[in-house]
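One structure, as structure tokens, below. Some questions next.
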Amino acid sequence: IGENIICIGTNDGHLLFTDLSNNNYMKVKAFDTKVKDVATDSSGIMLLACSGNGMVCIVKLFTARHEVKLENFSHLSTDLTSICVEEGVVEKRERSYILGTGNGKIIHHRPSGHKQKTIVLFEGAGTAVSDITIRGRILAWCDSKHIRLLNIISQTALCFINIPQGIPMD
């Protein structure tokens, strides 16, 4: 988040802002359960976190003064395991992000007029999404068995790779 500040999600639902010398700047209670994933946009202004009980917390960061504003909570009734911010989210003043779930589902959550729209991009393969990232129109994610690439505009699968046996992905 800034030059030397990082954010760590804790098992008790806090977001801990610290630096590489272990100086704690603040601790913010975001959830009642474990923080599963934390992501920022490329500018470091917007931070999103997700929990296993389906909650997404959107945080606006003011890194110059080390202030944090909990801006919004969204709730989806599913086990969330990973999150990434769609690029350009700050410039467009939108809150668009992609979520991975415990059963492998990929969900695109984005504004649509004055409402939020949730689009299921992938129905899931039965294993938890462990990591997810987006670059332009290309979304990549992995679980314990596969790596997948998807064009989110056309919703076209681009690549599917089986994880080689003997390589742990936990």
Side-chain angles (χ1 to χ4, degrees), residues 1 6-16 28-42 46-59 70-90 92 94-170:
I1 299 172
I6 59 174
C7 178
I8 301 166
T10 67
N11 286 334
D12 63 356
H14 284 90
L15 298 174
L16 176 63
V28 177
K29 182 72 169 175
F31 305 111
D32 291 330
T33 62
K34 178 181 178 177
V35 177
K36 292 283 189 101
D37 198 13
V38 176
T40 62
D41 68 334
S42 59
M46 184 74 59
L47 179 136
L48 281 82
C50 67
S51 69
N53 67 352
M55 296 294 292
V56 173
C57 173
I58 300 173
V59 180
L70 292 177
E71 184 174 272
N72 189 9
F73 278 86
S74 299
H75 183 65
L76 301 165
S77 52
T78 188
D79 174 29
L80 301 177
T81 57
S82 56
I83 190 167
C84 70
V85 181
E86 189 171 359
E87 287 304 311
V89 72
V90 174
K92 295 178 187 175
E94 297 176 351
R95 308 298 185 260
S96 184
Y97 49 90
I98 313 266
L99 299 160
T101 69
N103 66 358
K105 190 179 284 189
I106 300 295
I107 301 167
H108 188 189
H109 189 80
R110 64 181 176 84
S112 178
H114 294 291
K115 298 180 181 180
Q116 297 290 315
K117 187 173 183 179
T118 301
I119 301 167
V120 176
L121 297 174
F122 181 70
E123 284 294 335
T127 55
V129 175
S130 58
D131 200 8
I132 189 167
T133 189
I134 186 167
R135 296 291 182 267
R137 296 182 295 222
I138 308 303
L139 176 70
W141 73 95
C142 67
D143 58 31
S144 62
K145 298 180 181 181
H146 309 103
I147 299 170
R148 300 173 191 265
L149 291 147
L150 176 81
N151 180 316
I152 65 166
I153 303 300
S154 65
Q155 294 188 13
T156 304
L158 302 174
C159 183
F160 173 86
I161 302 169
N162 286 316
I163 302 293
Q165 288 187 352
I167 297 178
M169 291 296 290
D170 298 334

Closest heavy-atom pair and its distance - A49, F31: O-CZ, 3.4 Å
Under 3.5 Å: donor-acceptor pair, side chain of T133, backbone of A140: no
4.5 Å side-chain heavy-atom contact, D131 and C142: yes
Side-chain heavy atoms of H146 within contact of N162, under 4.5 Å: yes
For the student: nearest non-hydrogen atoms of A157 and L150, plus distance: N-CD1, 3.7 Å
Taking every non-hydrogen atom, the tightest pair across A30 and C57: CB-SG, 4.2 Å
K36 and L80, any side-chain heavy atoms less than 4.5 Å apart: no
Close side-chain approach of L139 and H108, heavy atoms under 4.5 Å: no
For the student: nearest non-hydrogen atoms of I152 and E86, plus distance: CD1-OE2, 4.0 Å
Nearest heavy atoms of T33 and S51, plus distance in Å: OG1-CB, 3.6 Å
E123 side chain near K105 side chain, heavy-atom distance below 4.5 Å: yes
Minimum heavy-atom distance between L15 and L47, given as atom pair plus value: CD1-CD2, 4.0 Å
Flag side-chain contact, heavy atom, 4.5 Å: L121 against I98: yes
Spacing of R148 atom CZ and L158 atom CG [to the nearest 0.5 Å]: 12.5 Å
Donor-acceptor under 3.5 Å (T156 side chain, N151 main chain): no
Spatial distance of atom SG (C7) from atom CG (L48) [nearest 0.5 Å]: 11.0 Å
T81 OG1 to I132 CD1 distance, which is reported to the nearest 0.5 Å: 8.0 Å
N/O donor-acceptor pair under 3.5 Å between D37 side chain and I83 backbone: yes
